[in-house]
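Below: the structure, in C-alpha cells.
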Amino acid sequence: MEEHVIIFDTTLRDGEQSPGASMNVPEKLRLAKQLEKLGVDVLEAGFPASSPGDFESVRMIANKVRNLQVTALARTSRDDIDRAWEAVREGANPRIHTFIATSDIHLEHKLKMDRDQVIREAVDAVRYARGFTENVEFSAEDGTRSDRDYLCKVFEAVIDAGARTVNLPDTVGYAVPEEFSQLIAYVREHTPNIHRAVMSVHCHNDLGLATANTLAGIRAGARQAEVTVNGIGERAGNTSLEEVVMTLQTRRDLLNLTTSIRASEIHPTSRLTSLITGIVIQPNKAIVGANAFAHEAGIHQDGVLKNPMTYEIMAPETVGLSSNRLVLGKHSGRHAFRDKLTQMGYELSTEELNRVFEKFKELSDKRKEILEEDIEVLVAEEVLRVPDHYELAYLNVVSGTVEVPTAIVKLKISGEEVKSAGFGVGPIDATFNTIAEMTGSRSKLMRFSVNAITGGMDAQGEVTLRLQENGLVALGKGADPDIITASAKAYINGLNRLEYLKKNPRLSPNEGLR
C-alpha cells in the first residue's frame, strides 16, 4: 500500500532568506496562490515576529489561500507565538511552527542554556501554542549535530506537550545520506511516543546533499519533507521541491510513496519564483533548468527521435513543459497569446492581458520570433511590479573611444515629463547618474548583473540590480534587446520599489533576517 508524503513548502519563509530574494506583500500573495495551485500540503508563509511586513504578508495569505495549511514560524517566546497566531488564525487549517536549537554548540554559544532549560522552554512553547490550535509543529534546530539520545528526549517531551509534527532539521547541511537515514531510524526507534506525531525533515544544501538527505530521511520513515521551489534558501539553499517530488513520482516502483503535488504546475511555479525573487535558475538545474530536457549530442538526438525514453527518464509534459512549442511573432493574435500565457501558468485579468499584449506587439516588431523567456519578462515588467512613480519616456546615449559618455534622458515623474543630460565613465554610468540627479535618489548600487535570457544576435538582455537607501533594499529588473535601455529600466524599476517601500514601511521585507 502506498503511503503519502506531506510536502511542506517554505519558499516564502526560508527561501526568502536567500540574499537578495526579499519579496513584497503582493508578490508573496501571487506566489502563494501558485503554490496552492501546485498542490503543496503546508505553506510556511513567513516569520511574523520578524517585521511588520512579514506579519502582514502571512495574515493576508492565511486569509486568501484556503486549500492548504498556512503556518507561521515562531521562536519559543510567547510574544513570537502570539504574533504567529494573530497572523494565521483566520486560515483554513492554521499551524504554528515553533523551534529551538538542541545541539550543544548552540546551547553553549548562542542560547547560553543547559539541556534541561531547553526542554522546559520547548515544552512551554508547544503547550502555549496548543492553547490556540491543535496543529503545532516543533523543530529541533541543528538536530543533526545534536546528541541522539537528548534529541529523542526533547521529541518525547514536546509530543507529550501536544506537538503533532516534529521536525529534524539538518540546519547547516552537515549530514550525509547514510548517516541521516540512521539518525531518523534511531529517533523513531528510541522515542516512545513518536507514533503520535508526523516526523519531518528539513535539509540544507551546504554539501550539495539536501535532496539526497531528504530522500534518505523519507526512506527511514519521515513523512513530511520541508522544501523550497528551485531549492532557494539560506547560504547554499534548501531541499528542492521539484527534485524530491519528481524522484518520488519517477521511482514510485522503488519507493512506493505519493504526494499531492500537481507535477504539471512545477515548471510554471519555478519560473514565477525566479521572476519574483530575481534568482536566475542555473541552466543545468535538475527538472526546471533550461537544459533539463535539451539534447545537443548527435547520439542523444538520434535516440530521442526514435524514442524519448532512451535519454529522458520523465516526459517534459509531466512538469509543465511542452515538447512542441507555439511560435509567437508579430502576426499572432490575442487568442493565441492568451493560450500561450495559460500554458505557461499565468492567469491574467483582461486589463493585465491587454497591457502585456501591447508590449508583446511592440517587441515582435523588433524580433522575428518571441520565446517563452521574452513573454516572462513582459509579464514581470507589466504585472509583477509596484506602481510606477517614475517612467522612462526617452533615452539617448552617446559613447565611444573618442567620446565622453553622455546620456540624455526624459522621465515621467508622477505623470510630469522631465528632461536632463549627464556624463559618466561609461554609457550605463552616464545613464544612472542622469536618472539619479533627476529623481534626487541617494541610493547606492549594491549589485548589478546582466544575463542574456534568449539566444541569437538579437537576444533579450536582462539586467538585475539591487539598490539600498536608508536601510531599505529594493530589487530592480529590466529587459530589452538594447542592454543600456535594459539597465535604465532596471534602475527605474528599483527606484519605484524604493518609493513604494518608503510610502509603505510596514510592508518592507526584513532584509536582515537570516
Any side-chain heavy-atom pair of K489 and V463 under 4.5 Å | no
Between T342 and E347, does a side-chain contact (heavy atoms from CB on, under 4.5 Å) hold up when you go through it step by step?
-> CA-CA 6 Å; T342 301; E347 299 291 339; 3.9 Å; yes
Full working for side chain to side chain donor-acceptor pair (under 3.5 Å) between T228 and N238 = CA-CA 6 Å; T228 64; N238 288 52; 4.8 Å; no
Could you walk me through whether E462 and V450 pass side-chain contact (heavy atoms from CB on, under 4.5 Å), step by step?
-> CA-CA 6 Å; E462 182 184 67; V450 179; over 6 Å; no
SB check E351 R355 (cutoff 4.0 Å) = yes
Judged by atom type as modelled, is there a donor-acceptor pair below 3.5 Å linking the side chain of E352 to the main-chain atoms of S349?
-> yes
Salt bridge check: are R30 and E27 linked by an N-O gap of less than 4.0 Å?
-> no
Output the distance between atom OH (Y394) and atom CD1 (I408), rounded to the nearest 0.5 Å.
-> 5.5 Å
Run the side-chain contact (heavy atoms from CB on, under 4.5 Å) check on H204 and D14 step by step: do they pass?
-> CA-CA 10 Å; H204 279 261; D14 207 342; 3.4 Å; yes
Can you establish whether the number of heavy atoms outside K110 located under 6.0 Å from its atom NZ is more than 12?
-> yes
SB check E44 R13 (cutoff 4.0 Å) | yes
Would you check if the side chain of D482 reaches a backbone N or O of I484 as a donor-acceptor pair within less than 3.5 Å?
-> yes
Do any N or O atoms from the side chain of T277 and from the backbone of I279 form a donor-acceptor pair under 3.5 angstrom?
-> yes
Looking at side-chain heavy atoms only, is the closest gap between P177 and L209 below 4.5 Å?
-> yes
Whether over 12 other heavy atoms sit under 6.0 Å from K37 NZ = yes
Residues I435 and A488: closest non-hydrogen pair is CD1-CB, 4.2 Å
From the options E141, Q224, E226, select the one residue that forms a side chain to side chain donor-acceptor pair (under 3.5 Å) with H202.
-> E226
Side chains of Y500 and N496: closer than 4.5 Å at any heavy-atom pair?
-> no
Could you give the distance from CG (N24) to CZ (R497), rounded to the nearest 0.5 Å?
-> 6.0 Å
Residue set satisfying salt bridge (Lys or Arg N to Asp or Glu O under 4.0 Å) with E90, at least two apart, ordered chain then number -> none
Any donor and acceptor pair, going by atom type alone, linking the side chain of R95 with main-chain N or O of V42 inside 3.5 Å?
-> no
Mind checking salt bridge (Lys or Arg N to Asp or Glu O under 4.0 Å) for D80 and listing every partner two or more places apart, or none if nothing turns up?
-> R75
Decide if atom CD of Q282 counts as having more than 12 heavy atoms of other residues, nucleotides or ligands within a radius under 6.0 Å.
-> yes
L445 vs Q468 side-chain heavy atoms within contact, under 4.5 Å | no
Can you name the ring pair (Phe, Tyr, Trp, His ring centres under 6.0 Å) partners of H97, sequence neighbours left out?
-> F8
Say you draw a straight line from OH of Y491 to OG of S443; how long is it, rounded to the nearest 0.5 Å?
-> 4.0 Å
K444 and E469 ion-paired at < 4.0 Å | no
Within the side chain of N213, is there an N or O that forms a donor-acceptor pair under 3.5 Å with the backbone of A175?
-> yes
Taking all heavy atoms of N433 and all of F423, pick out the closest pair and write down the distance.
-> ND2-O, 3.1 Å
Taking the side chain as every heavy atom from C-beta outward, state whether S200 and E137 have any atom pair closer than 4.5 Å.
-> yes
Working to the nearest 0.5 Å, report the span between CD of E265 and NE2 of H267.
-> 12.0 Å
R251: partners by salt bridge (Lys or Arg N to Asp or Glu O under 4.0 Å), with sequence neighbours left out = D253
Please name the pair of heavy atoms, one in G422 and one in A430, separated by the smallest distance, quoted to 0.1 Å.
-> O-CB, 4.1 Å
Determine the minimum heavy-atom distance between A32 and L12, stating which atoms define it.
-> CB-CD1, 4.0 Å
Full working for salt bridge (charged side-chain N to carboxylate O under 4.0 Å, His left out) between E242 and K285 = CA-CA 10 Å; E242 57 275 6; K285 170 75 174 66; 2.8 Å; yes
Between N354 and T350, is there a donor-acceptor pair closer than 3.5 Å when you use the side chain of the first and the backbone of the second?
-> yes
Report yes or no: does T11 contribute a side-chain atom to a donor-acceptor pair with the main-chain N or O of V229 at less than 3.5 Å?
-> yes
Would M23 and L31 count as a side-chain contact (heavy atoms from CB on, under 4.5 Å) if you check the C-alpha gap in whole Å, the side-chain angles of each, and the deciding distance to 0.1 Å?
-> CA-CA 10 Å; M23 299 171 255; L31 184 51; 4.1 Å; yes
For S420, what residues pass the side-chain contact (heavy atoms from CB on, under 4.5 Å) criterion, not counting sequence neighbours?
-> T434, M438
What distance separates L68 CG from D9 CG, expressed to the nearest 0.5 Å?
-> 9.5 Å
Is it the case that more than 12 heavy atoms not belonging to Y174 sit under 6.0 Å from its OH atom?
-> no
Is any side-chain heavy atom of L348 less than 4.5 Å from a side-chain heavy atom of V356?
-> yes
First locate atom OG1 of T439, then atom CD1 of I492, and finally report the distance between them rounded to the nearest 0.5 Å.
-> 8.5 Å
Which class fits the ring pair F47 and F99: parallel under 30°, tilted 30 to 60°, perpendicular over 60°?
-> perpendicular
Locate the shortest heavy-atom distance separating V58 from A87; write the atom from each residue and the value.
-> CG1-CB, 3.6 Å
State which residues pass salt bridge (Lys or Arg N to Asp or Glu O under 4.0 Å) with R83; sequence neighbours excluded, sorted by chain then number.
-> none
Note, V379 side chain near F360 side chain (heavy atom, < 4.5 Å) = no
Search all heavy atoms of S487 against all heavy atoms of F448 and return the closest pair with its distance.
-> OG-CZ, 3.6 Å
Close side-chain approach of K28 and I61, heavy atoms under 4.5 Å | yes
Quick check: does any side chain N or O of T171 sit under 3.5 Å from a backbone N or O of D142, one acting as donor and the other as acceptor?
-> yes
Stepwise side chain to side chain donor-acceptor pair (under 3.5 Å) check, E36 with Q34 = CA-CA 5 Å; E36 179 185 37; Q34 178 59 33; over 6 Å; no
Ignoring hydrogens and angles, tell me if any N or O in the side chain of D429 forms a donor-acceptor pair with the backbone of V425 under 3.5 Å.
-> yes
Dump the intermediate steps for side chain to side chain donor-acceptor pair (under 3.5 Å) on T239 and T214, then the final yes or no.
-> CA-CA 7 Å; T239 303; T214 295; 2.9 Å; yes
Looking just at side-chain N and O atoms, do H389 and E499 make a donor-acceptor pair shorter than 3.5 Å?
-> no
Please confirm whether the backbone N or O of S270 pairs with a side-chain atom of N230, one donor and one acceptor, at under 3.5 Å?
-> yes
